[in-house]
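Below: the structure, in structure tokens.
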Amino acid sequence: MTVKTRFAPSPTGFLHIGGVRTALFSWLYARHHGGQFVLRIEDTDRERSTQAAVDVILEGLAWLRLEHDEGPYYQTQRFDRYAELADRLLREGKAYRCYCTREELEVRRAAQIARGENPRYDGRCRDRTDVPAGVPSVVRFRTPDQGITVVPDLVRGSVEFQNAELDDLIMVRSDGTPTFHFGVVVDDGDMGITHVIRGDDHLNNTPRQMHMIQALGYPVPAYGHLPMILGSDGAKLSKRHGAVNVLEYRDEGFLPDAVLNYLVRLGWSHGDQELFSREEMIALFDISAVNASASRFDGEKLKWLNQQYLKSSPAESLTAGFVEQLQRAGLEPASGPAPVAVIEAYRERATTLRDLAKSAAYLYAEPPTIDEAAVRKHLTPAINAPLARLFARLGELKTWTRGDLHGALEAVAAECGIGFGKLGQPVRVAVTGGTVSPPIDVTLELLGRDKVLERLSRAVSLTGSGAVA
RNA sequence: GCUCCCUUCGUCUAGGGGUUAGGACGCGGCCCUCUCAAGGCUGAAACACGAGUUCAAUUCUCGUAGGGAGCGCCA
């Protein structure tokens, strides 16, 4: 049997980190077993579903390269099929029409809670034979009310439910549209889904869905309910902590593989291994190794992972994202050194592409942003002479490589009787405007002769304008 | 309230009847060093609680507590 999994988001909001993790595990399971991965848009709630949300979900999955083999299917395009099967269940007596109004249901629910019962539909219309005129009806599924249902779960073993605790789910609303529960089972059956991997918020729905699947005559799929991802404060993921659109991670300069690597380690592990390439994830992923407890989202570890990927990815693969970040920062990529060279110099000093662009801004901006405190501390009259000497020496340089530059700096420091660092830091402030940059020779090489000499001469006049005789 | 699920360092996790309870992020220290990083070494840091089973429980069982989910004509 070929494995077939699916990711079935509802387009009522953006794709957040929890949804991505569900998609990732479904995708990994399919890929690991050489199976198929289906994308299905569950848009039966026409009130809340939007095309914009669909677009954002598609864009997010595409960015992460969680590519599907089938779909996207849209439930709103399958309404005829749901109606057909609902009719069949009605004819077979496996479903029935319910004429209870929302108001009546609400009153009974409140009473049940008051009595300490699990609030659920009381089956009032189960055996009703009359058809009240002019009263709208929904279609309910007749769930067995005796015995127990065992959900065999790939993540947490067998979970038992007393059928008496289960009520009769609405399959078709009074306006004729199918509900999520009905759409899910029909689609999973029609699409031949073999493994349903989803969040454990669906665990309680599973026994009732299993009954419907059996009534419909489909084979029951295997289930794997994944633990939730909580916010960093342990509360449910919300817009306040972590449940942001996954595309925001892209916009902040995170790499898709780093995001995936972070998420795959939430609830799953393979010994002590922390870094997994896509290929390794696929080869090693094993749903029986997924643990059952919820985990918290930790942005610090994501940053660390992103830096690991920044350090190890081919620089060429990072240029597009880096250039985009420069542009977002209002900088002109063509006004500075080649992106690849900047990435090589900065990749181990940045956690995101955004940080990288920010740190390298002085290479593209003219004049660079100046850290006044650094200038006061390092560009003092005492450094005037060494800077002037360096300016002269660099002006004579025939070639402009980090080796040449290092030699020039060492020579000037020696001539002035000061340590390399005593010269390096003022030079750094002079050419970058701040106190932090890659090794000074690399920094000078990157900035280029013209800008270095120009900024150095400015520093020479600045330091010479003071108390120097 | 009812049903279901979960519980190892702050966080992500490994482990599993007898271990100095391992790794990673973060945090502290040292080394390296022209700054910042990166890197190396190193330190602090955990089996929720109570019974039971057992020669022996962090590991198995049951409770308790805490957390989560579900209980919609939402998905």
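Proteins come first, then strands; the chains are lettered A, B, ... in the order of their sequence lines, and each starts at number 1.
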Rounded to the Å, how far apart are [X] [atom1] and [N] [atom2]?
X	N	atom1	atom2	result
A/Phe297	B/rU13	CZ	P	13 Å
A/His225	B/rG68	NE2	C1'	15 Å
A/Leu356	B/rA38	CG	C1'	14 Å
A/Gln308	B/rG23	CD	P	17 Å
A/Leu379	B/rU35	CG	P	17 Å
A/Phe180	B/rG70	CZ	P	11 Å
A/Glu42	B/rA75	CD	C1'	7 Å
A/Met228	B/rC5	CE	P	15 Å

By the 4.0 Å heavy-atom rule, please label [X] as base, sugar-phosphate, or nothing.
X	value
A/Asp175	nothing
A/Ser295	sugar-phosphate
A/Val159	sugar-phosphate
A/Pro438	base
A/Glu160	sugar-phosphate

[X] has a side chain; which of [options] sits nearest to it?
X	options	answer
A/Arg156	B/rG23, B/rC5, B/rC36	B/rC5
A/Pro119	B/rA24, B/rC71, B/rC4	B/rC71
A/Glu348	B/rA69, B/rC2, B/rA38	B/rA38

Report the base-pairing partner of [N] (Watson-Crick or G-U wobble, both distances below 3.5 angstrom), or none.
N	answer
B/rU64	B/rA48
B/rG39	B/rC31
B/rC2	B/rG70
B/rG26	none
B/rU54	none
B/rA14	none

OP1 or OP2 of [N] versus the side-chain N and O atoms of [X]: is any pair under 4.0 Å?
X	N	result
A/Arg48	B/rA75	no
A/Lys311	B/rG39	yes
A/Thr44	B/rA75	yes
A/Ser437	B/rC36	no
A/Gln307	B/rA38	yes

Can you check the distance between [N] and [M], where both ends of the measurement are the [atom1] atom (answer in whole Å)?
N	M	atom1	answer
B/rG15	B/rU7	P	13 Å
B/rG39	B/rA44	P	22 Å
B/rG18	B/rG29	P	38 Å
B/rA65	B/rG72	P	26 Å
B/rA69	B/rA75	C1'	14 Å

**Report entry** Pair A/Asp187 + A/Arg81, salt bridge at N-O below 4.0 Å
**Finding:** no
Report task. Check whether any side-chain heavy atom of A/Pro227 lies under 4.5 Å from a side-chain heavy atom of A/Val290, and answer yes or no. Result -> yes
Query - A/Leu255 side chain near A/Leu353 side chain, heavy-atom distance below 4.5 Å - result: yes
**Report entry** Atom NZ of A/Lys422: over 12 foreign heavy atoms under 6.0 Å
**Finding:** no
Query - A/Gln146, CD: over 12 other non-hydrogen atoms inside 6.0 angstrom - result: no
Donor-acceptor pair (no angle test) under 3.5 Å: [X] side chain, [N] base:
X	N	value
A/Arg349	B/rC36	yes
A/Glu274	B/rG23	yes
A/Arg296	B/rC12	no
A/Asp272	B/rG22	yes
A/Ser174	B/rC73	yes

Query raised in the report: Do the ring planes of A/His195 and A/Tyr29 sit parallel (below 30°), tilted (30 to 60°) or perpendicular (above 60°)?
Result: tilted
Query raised in the report: Rounded to the nearest 0.5 Å, how far apart are CZ of A/Arg128 and OH of A/Tyr96?
Result: 11.5 Å
Requested in this report: Please say whether the positively charged group of A/Arg78, taken as NZ for Lys or CZ for Arg, lies over the ring of A/Tyr73, i.e. under 6.0 angstrom from the six-membered ring centre and within 45 degrees of the axis.
Outcome: no
